[in-house]
Colleague: 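I have a structure I would like to understand better, so I am pasting it below and will then ask my questions one at a time.
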2 protein chains.
Amino acid sequence: MPKASPSNSKKLRRQEAEALILSAAEKVFAEAGFGGATMQLIADVAGLPKANLHYYFPTKELLYRQVVQNIFEIWLQAADVFDQAEGPEEGIGAYIDAKMEISRRHPNGSKVWASEVMHGAPVIQDYLETTLTDWTNGRITVIERWISEGRMAPIDPRHLLYMLWATTQHYADFGHQIETLNGSAPLSDAQWEAAKNNIKTIILRGIGALPTA
Amino acid sequence: MPKASPSNSKKLRRQEAEALILSAAEKVFAEAGFGGATMQLIADVAGLPKANLHYYFPTKELLYRQVVQNIFEIWLQAADVFDQAEGPEEGIGAYIDAKMEISRRHPNGSKVWASEVMHGAPVIQDYLETTLTDWTNGRITVIERWISEGRMAPIDPRHLLYMLWATTQHYADFGHQIETLNGSAPLSDAQWEAAKNNIKTIILRGIGALPTA
DNA sequence: TCTGAAATTGACCATACGGTCAGGATGCCT
DNA sequence: AGGCATCCTGACCGTATGGTCAATTTCAGA
């Protein structure tokens, strides 16, 4: 594994060093999983000696926890567009846009989160039970209001949210499969745009928030 | 980790032994990932000495490969309903039914597959490039025919397939998250039914294969 | 220039892991 | 009953991992 930075014998400020390590850790955890990732490999990717990692993050688990928390923060921010919207077409459309952008820009983060949840969320169970539960309930209230206002069909808000998460995160978590089916090439700008529009069209029309074609 | 079978000092037939090990391995790989899983833990779950595992499966990687292949076979079978259908409402509806049933009955298998793909498919890349590519292209042809026959809106078949995979497998891969948001309780029969119907309604209506509500 | 807190690092350790092996147990077939 | 292939298993081994530590370097502030 090559060094990420060829000449960084300079002393790093705490913030820079932590950011560098977290970035390397996110990549390695995404590619190998928690169990498959090694501190040595993370150190190599970051271009630092392994002992230096332990100086900033005492244990592998603490480092991992920090990575997962960072991702969660990004996701929560994407939710802001939801509440500011007038109706489902604008709100859900913007949410799909935001989540697809995250899938494209932070695929590693998405994978780490997916891996964590798939393994029973041993590290962030409390987040699921508190923050995520609250967030979900808040969005359900909004969707129910839209339904009562006749702006969309009476769809179960919970399962609609799951569908939004599933479809958008799929492009990050299963990106490798999608690239392979795309002739082993990354999706182009146009293909990402097509994917996004497809999701928006099908879901918005599916919940009766768009005029039928 | 307790023994799965309290008294199996009897000699096992090859087929039974392999099935027992594969079942235990699927569970452990799903819960811990490839790197996090240990042969010792798989052995404990299967109720066998570790050395016995290596008698049937020489290496951890070979055992893992077998687990992944088994899942892939199950998924391919679910595709049969697709081709036998008259149109999208029947074909895609039945496919969603089949895949949701798999998510419910084989959540561990789904997780192992997801984990494998997320980590770049190191073990089953050839399957993606051959079998899965062929399968996908075949289904795309069917969907394009439905579109040209005016049975559904002109949706990009590829992204529609990704959406079908994403939404159905989400209930297996993110089952823990869904259960937590369900008050830490597994989905009931009725809730599974509701999830299935929601997906079918939104997607089929979204692609113009259902009369609008 | 001096000082001390922060940062860096190579060497080291205990443990746990995947895998091996030799020898014993079992039971089918003649 | 006896022979033989299959099956089973405790003990063992080399390696790699997460983590520690003491010694050294760096640099901001006095």
Side-chain angles (χ1 to χ4, degrees), chain A residues 1 3-29 31-68 112 119 122-123, chain B residues 1-22 24-29 31-68 112 119 122-123:
Chain A
M1 193 55 62
K3 299 272 182 171
S5 176
S7 69
N8 56 354
S9 54
K10 280 292 184 66
K11 196 186 282 190
L12 296 170
R13 293 284 190 293
R14 182 154 209 117
Q15 209 175 0
E16 301 171 42
E18 289 183 352
L20 179 66
I21 294 169
L22 284 169
S23 171
E26 182 182 279
K27 186 173 178 180
V28 173
F29 282 134
E31 288 173 359
F34 178 81
T38 69
M39 294 298 272
Q40 185 62 62
L41 184 53
I42 295 170
D44 290 345
V45 171
L48 298 172
K50 191 185 66 162
N52 207 339
L53 262 66
H54 281 100
Y55 175 75
Y56 288 103
F57 300 93
T59 69
K60 184 183 177 184
E61 208 170 305
L62 247 41
L63 173 55
Y64 175 75
R65 177 185 280 267
Q66 195 61 57
V67 169
V68 175
V112 174
H119 299 354
V123 167
Chain B
M1 193 57 61
K3 300 274 184 170
S5 176
S7 69
N8 56 352
S9 54
K10 278 295 186 63
K11 198 185 286 193
L12 295 171
R13 292 285 191 294
R14 184 153 210 117
Q15 210 176 359
E16 300 172 43
E18 289 184 351
L20 179 66
I21 294 169
L22 284 170
E26 183 182 279
K27 187 173 179 180
V28 174
F29 281 133
E31 287 173 359
F34 178 80
T38 68
M39 294 297 274
Q40 185 62 62
L41 183 53
I42 295 171
D44 289 346
V45 171
L48 298 171
K50 191 184 67 161
N52 206 340
L53 261 66
H54 282 100
Y55 175 75
Y56 288 103
F57 300 92
T59 70
K60 185 184 178 184
E61 208 169 305
L62 247 41
L63 173 56
Y64 175 74
R65 176 183 281 269
Q66 194 63 57
V67 169
V68 175
V112 174
H119 298 359
V123 167

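Naming: A, B, ... by sequence-line order, numbering from 1 per chain. Because only heavy atoms are used, hydrogens play no part in the values below, and waters and symmetry mates are left out as well, while side chains stay in.
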Colleague: Measuring only between side-chain heavy atoms, which start at C-beta, is B:I42 closer than 4.5 Å to B:L48?
Modeller: no
Colleague: Using whole Å, report how far CG of B:L53 lies from C1' of C:dC21.
Modeller: 17 Å
Colleague: Among D:dG18, D:dG10, C:dG10, find the nucleotide with the atom closest to the side chain of A:P49.
Modeller: C:dG10
Colleague: Whether A:R14 contacts C:dA6 is assessed here as follows: a side-chain N or O lying under 4.0 Å from the phosphate OP1 or OP2. Is that the case?
Modeller: no
Colleague: Does A:K60, at its NZ atom, have more than 12 non-hydrogen atoms belonging to other residues, nucleotides or ligands within less than 6.0 Å?
Modeller: yes
Colleague: In whole angstrom, what separates A:L48's CG from C:dA6's P?
Modeller: 20 Å
Colleague: List the residues meeting side chain to side chain contact (heavy atoms under 4.5 Å, CB included) with A:E18, not counting sequence neighbours, and say none if there are none.
Modeller: A:R14, A:Y56, A:F57
Colleague: Compare every heavy atom of B:A37 with every heavy atom of B:A32, then report the nearest pair and how far apart it is.
Modeller: CB-N, 3.7 Å
Colleague: How close or far is atom C1' of D:dT17 from atom CD1 of A:I42, stated in whole angstroms?
Modeller: 12 Å
Colleague: Of the residues in residues 58-68 of chain B, which ones touch DNA chain D at a heavy-atom distance under 4.0 Å?
Modeller: none
Colleague: Measure from the side chain of A:A51, starting at C-beta and using heavy atoms only, and say which of D:dT17, D:dC8, C:dT9 lies closest.
Modeller: C:dT9
Colleague: At 4.0 Å (heavy atoms only), tell me whether A:A43 reaches a base, stays on the sugar-phosphate, or touches nothing.
Modeller: nothing
Colleague: Grab the CG-C1' distance between A:N52 and D:dT25 for me, whole Å please.
Modeller: 12 Å
Colleague: Does A:K50 or A:Y55 map to a spot on DNA chain C nearer the 5' end, using the closest nucleotide for each?
Modeller: A:Y55
Colleague: Start with the C-alpha distance between A:V68 and A:F29, add both sets of side-chain angles, then the distance that settles side-chain contact (heavy atoms from CB on, under 4.5 Å), and finish with yes or no.
Modeller: CA-CA 10 Å; A:V68 175; A:F29 282 134; over 6 Å; no
Colleague: What's the CG-C1' distance between A:L41 and D:dG18, to the nearest Å?
Modeller: 14 Å
Colleague: Check the distance between D:dT17's P and A:D44's CG and give it to me in whole angstrom.
Modeller: 10 Å
Colleague: Once you round it to whole Å, what is the distance between C1' of C:dT9 and CD of A:Q40?
Modeller: 12 Å
Colleague: Could you tell me which residues satisfy side chain to side chain contact (heavy atoms under 4.5 Å, CB included) with B:T38, sequence neighbours excluded, listed by chain and number?
Modeller: B:Q40, B:L41
Colleague: For the pair made of NE2 in B:H54 and P in C:dG19, what is the distance, rounded to whole Å?
Modeller: 5 Å
Colleague: Does the side chain of A:Y56 get closer than 4.0 angstrom to OP1 or OP2 of C:dT8 through an N or O atom?
Modeller: yes
Colleague: Please identify each residue that fulfils side chain to side chain donor-acceptor pair (under 3.5 Å) with B:E61, with sequence neighbours left out.
Modeller: none
